[in-house]
Structures are given as C-alpha cells and as structure tokens.
Amino acid sequence: MGLLQLLVLCTLTACYVTLSPPAPVLSPSLLSRGCNDSDVLAFANFALQDINRDQKEGYVLRLNRVNDVWAQSQGDLGSLFYFTLDVLETDCHVLSKKAWKDCGARMFYDSVYGQCKALFFINKPKRVLYVPAYNCTLRPVSRRNIHHICPDCPRRSPVDSSDPNVLEAATESLAKYNRESPSKQYSLIKVTKASSYWAGSIGYSVEYLIKESPCTTSSDSSCSLQSSDSVPIALCKGSLSKTPFKKFVTATCDFFKSQVQAAEGQTSPVTQGPTSLPKVKGPQEENTSSPPKPAVPRGSVQHLPDLGDEKPEESEDKGPQEAFPVQLDLTTDPQGTTLDVSFLFIGPEEEKLVVLPFPGKEQRSAECPGPAGDANTLVFPP
Ligand SMILES: *[C@@H]1O[C@H](CO)[C@@H](O)[C@H](O)[C@H]1NC(C)=O
Ligand SMILES: *[C@@H]1O[C@H](CO)[C@@H](O)[C@H](O)[C@H]1NC(C)=O
Ligand SMILES: *[C@@H]1O[C@H](CO)[C@@H](O)[C@H](O)[C@H]1NC(C)=O
C-alpha cells in the first residue's frame with residue numbers, strides 16, 4: 001500500500017512538474033534536447049558511425065538531420081540518448097570503413113533515405129561511447145515523385161541482382177577493368193546495386209564487389225584456380241548499354257583503404273586529429289581479445305521498396321506514420337528495464353543502464369527536428 005501511495009505521489013509530482021515548464025516531459029527522467037545542439041550533433045554523428053561500423057553489407061549511411069533526441073541521466077554511469085535520425089545512403093560500401101563525411105552523396109533521383117532509431121550511451125570520464133541498440137529502415141526515393149518534379153531526370157528502375165542482364169553488365173564492366181589493369185586481375189563477388197535506364201536503348205548500371213583473382217592476366221591459365229579467399233577489396237561501378245553496332249561499357253573501382261594500406265605495407269595511423277570529444281574507442285577497438293561483446297545483434301538495417309510501388313489499399317491501411325516503421329523496443333515497461341554494459345568497462349563491477357520505452361512520435365523534443373543537410377523534401381521520412 002505504502003509503495004502504491006508513493007507511486008501515485010511520484011506520478012502526481014511528475015505531472016505537476018510537467019505542467020510548469022513548456023518543454024514536454026515524457027518520463028520524469030527523460031530530458032528534452034535540442035536537435036541542433038553541438039553536443040547532440042557530435043553524438044548523433046558518432047552513433048551513426050557506430051551503426052555503419054556494425055554493418056557487413058550495404059552502404060554507409062550519412063546523417064541528414066537529427067529528427068528527435070531525448071537524454072536520460074544514468075547517474076554516475078553517464079547519459080543515455082534516444083535518437084531518431086533521418087539518414088541517406090552514400091555511395092561508399094560499408095566494407096570501405098569510410099566515415100560518412102568522406103563519402104559522396106547520391107543524386108536525388110538515386111537516393112535511398114530513411115530513419116534510424118538508436119540508443120547512445122556516453123560516459124565522458126571513462127571515454128566510453130557506445131550504441132547498445134539501433135534499428136534503421138530505408139527506402140528508395142519514390143520514382144513517381146521524382147518523375148513528377150523532374151520529368152527529365154534519368155528514369156531508373158531497380159533491377160534484381162540475379163537478372164541475367166545485370167550479371168552481363170557486371171561481367172562486361174569488370175572485364176574492361178581487368179583489360180586495363182596493368183598487373184592484377186579481379187573477379188566478381190556480387191552485385192550490390194543494379195538499375196536499368198534508357199539511353200536510346202536500354203542500359204544497365206551496376207555496383208559490385210570484387211576480390212583479387214589469382215591470375216595476373218586475363219588469359220593466364222592459373223585463372224582457373226579458385227582463390228579460397230573471397231575478401232572484398234573494392235566496390236566498382238559500371239554500366240553496359242548496347243546499340244546494334246556498338247557496346248558501351250564503363251568501369252571504375254574504389255579500393256577499400258585497409259586493402260590499399262596492406263598492399264603498400266603501411267601501418268594505419270592509430271591516432272586521429274583533435275576533436276571536440278575525448279578520444280574514445282568502442283569496446284571492439286579497445287582490446288580485441290578482452291571484453292566479450294554481447295551475443296545478441298545490436299540492430300539491423302531494413303530495406304523496403306519504393307513507397308510509390310506499394311498497392312494503394314495497403315498504404316491507405318498503414319497510414320503515413322507507418323511508412324517508415326522503425327522498431328526499437330527494448331521494453332514497454334514505463335519503469336524501464338536494465339541493460340548490462342559491464343563489458344564496456346575495464347573493472348570487475350557490474351554496470352547497468354536503465355532503459356525506458358523509446359519515446360513515441362507524438363512527443364517531440366523542443367527544437368526538433370534539426371536543420372537538414374539535404375533539404376529536398378523527397379528524402380524526409382514522413
Ligand atoms: C588486452 O588483452 C590482453 C590479452 O588478453 C591483455 O594481456 C591486456 O592486458 C589487455 N589490455 C587492456 C588494455 O585491457
Ligand atoms: C529491430 O527491428 C526488428 C524488425 O525489423 C525487430 O524484430 C527487432 O525487435 C527490433 N529491435 C529492437 C531492439 O526493438
Ligand atoms: C544550428 O546551429 C548552428 C551553429 O550553432 C547555427 O549557425 C544555425 O543557425 C542553427 N540552425 C538552426 C536551424 O537553428
């Protein structure tokens with residue numbers, strides 16, 4: 001009984017507090033933050049970088065804007081942020097390990113955009129920055145809308161990577177690259193993106209991962225030897241279009257940095273330039289052999305089709321707020337749940353975060369969303 005009364009009292013106090021300041025308060029311990037605050041932007045940047053590092057496939061995501069952010073104090077342990085980030089795909093493959101700021105943007109008619117929800121934990125004195133959980137949902141920008149606002153833009157249609165025309169385009173493109181390669185030869189691992197376009201005749205553009213091939217020239221007999229090693233070393237972009245008289249083939253490859261450095265026998269620089277944040281390492285970098293990472297995946301990046309391609313009755317049912325479903329529900333309990341983060345710290349103590357239900361769309365932090373890098377309305381999730 002006593003506990004119940006205490007709870008009621010707490011709730012009343014919280015409600016009372018909620019009424020006085022204009023800033024919305026979800027739970028007494030969730031603090032509204034500004035989406036353009038410099039520390040919020042730095043943390044959002046770090047969180048997205050951590051999400052990118054966690055991927056094995058797909059493209060590096062860049063931050064378009066901070067859509068929403070809430071902060072929760074964890075006492076001596078630090079702070080936990082609840083981020084909703086509007087993101088855009090870059091042209092770098094995640095295996096390049098490039099920072100999104102070093103990656104190129106895609107043309108707006110080729111954009112893939114979406115939203116990530118992420119928890120971000122920071123303990124400044126101990127130099128711990130970590131994303132305990134995230135989930136992202138991406139879609140290609142609607143082709144119908146592109147055509148509507150830009151009738152002259154290239155009309156590209158996504159094509160399945162298993163389409164024989166796509167495979168032919170990738171093979172022809174890589175053959176051209178190999179013919180022009182002075183020594184090394186490369187072979188195809190897989191196509192990562194493919195679309196068709198119209199250029200007087202149908203053309204195919206492809207992006208594909210390659211590995212080093214054991215042969216040194218395209219006619220080398222050792223080419224039949226399959227190299228057991230299939231580590232992707234570069235992302236290539238190419239295209240193939242044919243007229244009755246001529247074939248047009250293009251090929252460019254962007255080699256991943258670690259590979260270039262390994263090939264040149266250099267050691268990668270460990271230190272970075274000065275930043276506003278303390279120099280921090282995620283748990284995986286601190287000591288590869290010591291802290292065991294949690295076995296459960298921290299999150300995933302989900303790809304959905306073009307919104308305009310969905311059946312009308314389906315989208316009506318779902319409503320606009322369901323267009324980018326991003327779930328990040330570690331708990332539905334308003335009191336929260338605990339999350340063990342001991343592995344982030346060197347000492348033997350058990351360290352646990354209190355995680356609350358992810359703030360819903362109904363409540364938004366004051367001064368959110370923040371300014372966008374790309375203000376094209378086609379790339380804002382509704
Ligand atoms: C990293 O792991 C090695 C081997 O387990 C251990 O000897 C070393 O002390 C660890 N270093 C740090 C900084 O924890
Ligand atoms: C992330 O999204 C997937 C569905 O896409 C869902 O099954 C999973 O529970 C989500 N993760 C969290 C922590 O909510
Ligand atoms: C965001 O912050 C920067 C620097 O603090 C400022 O120059 C800019 O005007 C702000 N933008 C908005 C939309 O508030």
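Numbering of ligands and ligand atoms starts at 1, following listing order.
- Between Phe121 and Tyr130, the ring center distance fails the sub-6.0 Å criterion.
- Residue contacts with ligand 2 for Leu330 involve side-chain atoms from C-beta outward but no N, CA, C or O (heavy atoms, distance under 4.0 Å).
- Counted within 6.0 Å of NE2 on His303, heavy atoms from surrounding residues, nucleotides or ligands total more than 12; the atom is thus considered enclosed.
- Protein non-hydrogen atoms do reach within 4.0 Å of atom 2 (O) of ligand 2.
- The protein heavy atom nearest to atom 4 (C) of ligand 2 is Gln327 OE1, 4.0 Å.
- For atom 11 (N) of ligand 2, the nearest protein heavy atom (residue, atom name, distance) is Asn135 ND2, 3.0 Å.
- The protein atom (non-hydrogen) at minimum distance from atom 5 (O) of ligand 2 is Gln302 OE1, 3.9 Å.
- Remark: Arg33 fails to qualify as a cation-pi partner of Phe43 under the 6.0 Å distance and 45° angle criteria applied to the six-membered ring.
- In summary, the aromatic rings of Phe255 and Tyr186 are positioned with their centroids under 6.0 Å apart.
- Of all the heavy atoms of Leu328, the ones lying under 4.0 Å from any atom of ligand 2 are found in both the backbone and the side chain.
- At least one N or O atom of Asp329 sits closer than 3.5 Å to an N or O atom of ligand 2.
- For CD of Glu168, the number of neighbouring non-hydrogen atoms (other residues, nucleotides, ligands) closer than 6.0 Å is greater than 12.
- Of the residues Arg106, Lys190, Lys193, the one that meets the salt bridge (charged side-chain N to carboxylate O under 4.0 Å, His left out) test with Glu207 is Arg106.
- From the protein, the heavy atom lying nearest to atom 8 (C) of ligand 3 is Asn36 ND2, 3.7 Å.
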